[in-house]
Amino acid sequence: MDRVKGKTCIITGGALGIGRACALRLADEGGHIAVFDILDEAGARLCEELAAKGARTRYWHVDVADEAQVAAAMDDVARHFGSVHVLVNNAGIAGVDKPTHEITEAQWDRVQAVNVKGVFFCTKHAIAHLRHAGGGSIINLSSIYGLVGAGDVPPYHAAKGAVRLMSKNDALIYARDRIRVNSIHPGFIWTPMVEGYLRAGGATDMEAARRGVDQLHPLGHLGEPDDIAWGVVYLASEEAKFVTGSELVIDGGYVAR
Ligand code: NAP
């Protein structure tokens, strides 16, 4: 309880999956929650759920790949809540699953636009507000695919590798401002993204596909959104006040081999 009490937390891609779990857990810990997403209905529904728990919350339609939308929404959050303390750069897409030589430039660019440029735009436009608050925490969702290759989704691997190193470099740039920047590296987490990824790979029996993914993790199963949300709560809180430039791997042992 109260691990982020009174802190304004922005969660991009917050309407579903991991972002949704982050919103719920940060609200339970006393945070004010700004949800950015392009899924307006799901985002609005989540905010109603958060408000019913007693949280201060609001939804903004923001495509993180659109700098003007990001800049306007960041300023609006600061006006609405009075400050910004935590930014969770969670919005992301899996993109096409083809070998590198079959990928078009447009397919490559779309994944980089959301997964890399989105993190850049949101970080860029949050900095003034985090400085104004006297510091803060930026938490970037990378992946196990930002640490090791799996032999699939090439643009996604490139993007998540970039996010890992952007996090470390920004940690150095903004340490003097008391802005901490860390990355989180989930293993497979059961969300709409993973369901879509399995379907795109030809899976029809989702239970069988899920069991196959379970076996990729030494703990014997994939994760759930809350497994990541608790890591986000930790990095957002004062418990992590000496933690910056680090990579928090939450993957059931996937990269331990
Ligand atoms: P998800 O279930 O697809 O949820 C992501 C949310 O972000 C969706 O609401 C999505 O809307 C939204 N979004 C997509 N593009 C956006 C944009 N341009 N601007 C704003 N919002 C946008 O994904 P997830 O599985 O929770 O993943 C969250 C993050 O964790 C991603 O960065 C992902 O790469 C990372 N991650 C996930 C896993 C996993 O196994 N699930 C593992 C490692 C890392 P749409 O539904 O319309 O796209």
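FYI, side chains are in, hydrogens and waters are out, and symmetry mates aren't considered; it's all heavy atoms of this structure. We count ligands from 1, going down the list as the structure has it; atoms in each ligand are counted the same way. In this chain, residues are counted from 1 in sequence order.
Of the polar atoms of I189, at least one N or O is found under 3.5 Å from an N or O of ligand 1, judged by distance alone. Below 3.5 Å of separation, one finds no N or O of G19 facing any N or O of ligand 1. Residue S143 has no N or O atom closer than 3.5 Å to an N or O atom of ligand 1. Not one N or O of I144 is nearer than 3.5 Å to an N or O of ligand 1, by distance alone.
Taken to the nearest 0.5 Å, the OG atom of S167 stands 13.0 Å off from the CZ atom of R180.
Nearest non-hydrogen protein atom to atom 24 (P) of ligand 1 is T191 OG1, 3.6 Å. Among protein heavy atoms, the minimum distance from atom 48 (O) of ligand 1 is reached at I93 CG2, 4.5 Å. Closest to atom 1 (P) of ligand 1, if we only count protein heavy atoms, is M193 CB, 3.8 Å. Nearest protein heavy-atom contact of atom 19 (N) of ligand 1 is V64 N, 3.0 Å. Among protein heavy atoms, atom 44 (C) of ligand 1 sits closest to S142 O, 3.2 Å. Atom 31 (C) of ligand 1 has as its closest protein heavy atom N90 O, 3.1 Å. What sits closest to atom 46 (O) of ligand 1 on the protein, heavy atoms only, is L39 CD1, 3.4 Å. For atom 6 (C) of ligand 1, the closest heavy atom belonging to the protein is G13 O, 3.4 Å.
Close approach of ligand 1 to P186 (heavy-atom distance below 4.0 Å) involves ligand atoms 42 (C), 43 (C), 44 (C). Close contacts between ligand 1 and P192 involve ligand atoms 2 (O) [criterion: under 4.0 Å to a heavy atom]. Atoms of ligand 1 found under 4.0 Å from any heavy atom of V194 (numbered from 1 in listed order, with element): 39 (C), 40 (O), 41 (N). Atom numbering of ligand 1 starts at 1 in the shown order; those under 4.0 Å from a heavy atom of V114 are 15 (N), 18 (N).
With salt bridges taken as basic N to acidic carboxylate O contacts below 4.0 Å, one links E41 and R45. Taking the charged nitrogens against the carboxylate oxygens, K53 and E48 have no contact shorter than 4.0 Å, which rules out a salt bridge. Salt bridge status for D28 with R25: present, with a side-chain N to carboxylate O gap under 4.0 Å. Note on K168 versus E247: salt bridge recorded, some NZ/NE/NH1/NH2 to OD/OE distance being below 4.0 Å. We find that E29 and K5 are not joined by a salt bridge, their nearest charged nitrogen and carboxylate oxygen being 4.0 Å or further apart.
Counting heavy atoms closer than 4.0 Å to ligand 1, residue K160 contributes side-chain atoms (C-beta onward) but none from N, CA, C or O. Contacts between D63 and ligand 1, counted as non-hydrogen atom pairs separated by less than 4.0 Å, involve both the backbone and the side chain.
In this structure, R58 is positioned above the aromatic face of W60, its NZ or CZ under 6.0 Å from the six-membered ring centre and within 45° of the axis.
Taking the six-membered ring for Trp and thresholds of 30 and 60 degrees, H32 and F81 have nearly parallel ring planes, at less than 30 degrees apart.
Under a 4.0 Å heavy-atom criterion, A42 is not in contact with ligand 1. Residue contact check for ligand 1: F188 places a non-hydrogen atom closer than 4.0 Å to it. Within the structure, ligand 1 has V62 among the residues with a heavy atom less than 4.0 angstrom away. For the ligand labelled ligand 1, residue Y156 lies inside the 4.0 Å heavy-atom shell.
Contact between H85 and K7 at its shortest, heavy atoms only, is ND1-CA, 3.3 Å.
Under a cut-off of 6.0 angstrom, the local environment of CZ in R3 is crowded, with over 12 non-hydrogen atoms contributed by other residues, nucleotides or ligands.
In this model, no donor atom of one side chain and acceptor atom of the other lie less than 3.5 Å apart for N140 and S183. Side chains of Y156 and D97: no donor on one and acceptor on the other come within 3.5 Å. A side-chain N or O of H125 and one of E67 form a donor-acceptor pair less than 3.5 Å apart.
Nearest-heavy-atom check against atom 27 (O) of ligand 1 across T12, I18, I38 picks out I18. One option in D37, L16, D66 has a heavy atom closer to atom 10 (C) of ligand 1 than any other, and that option is D37.
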Begin with the C-alpha distance, continue with both residues' side-chain angles, and end with the deciding distance and a verdict on side-chain hydrogen bond (donor to acceptor under 3.5 Å, both in side chains) for D40 and Y59. CA-CA 8 Å; D40 297 343; Y59 173 75; 2.6 Å; yes

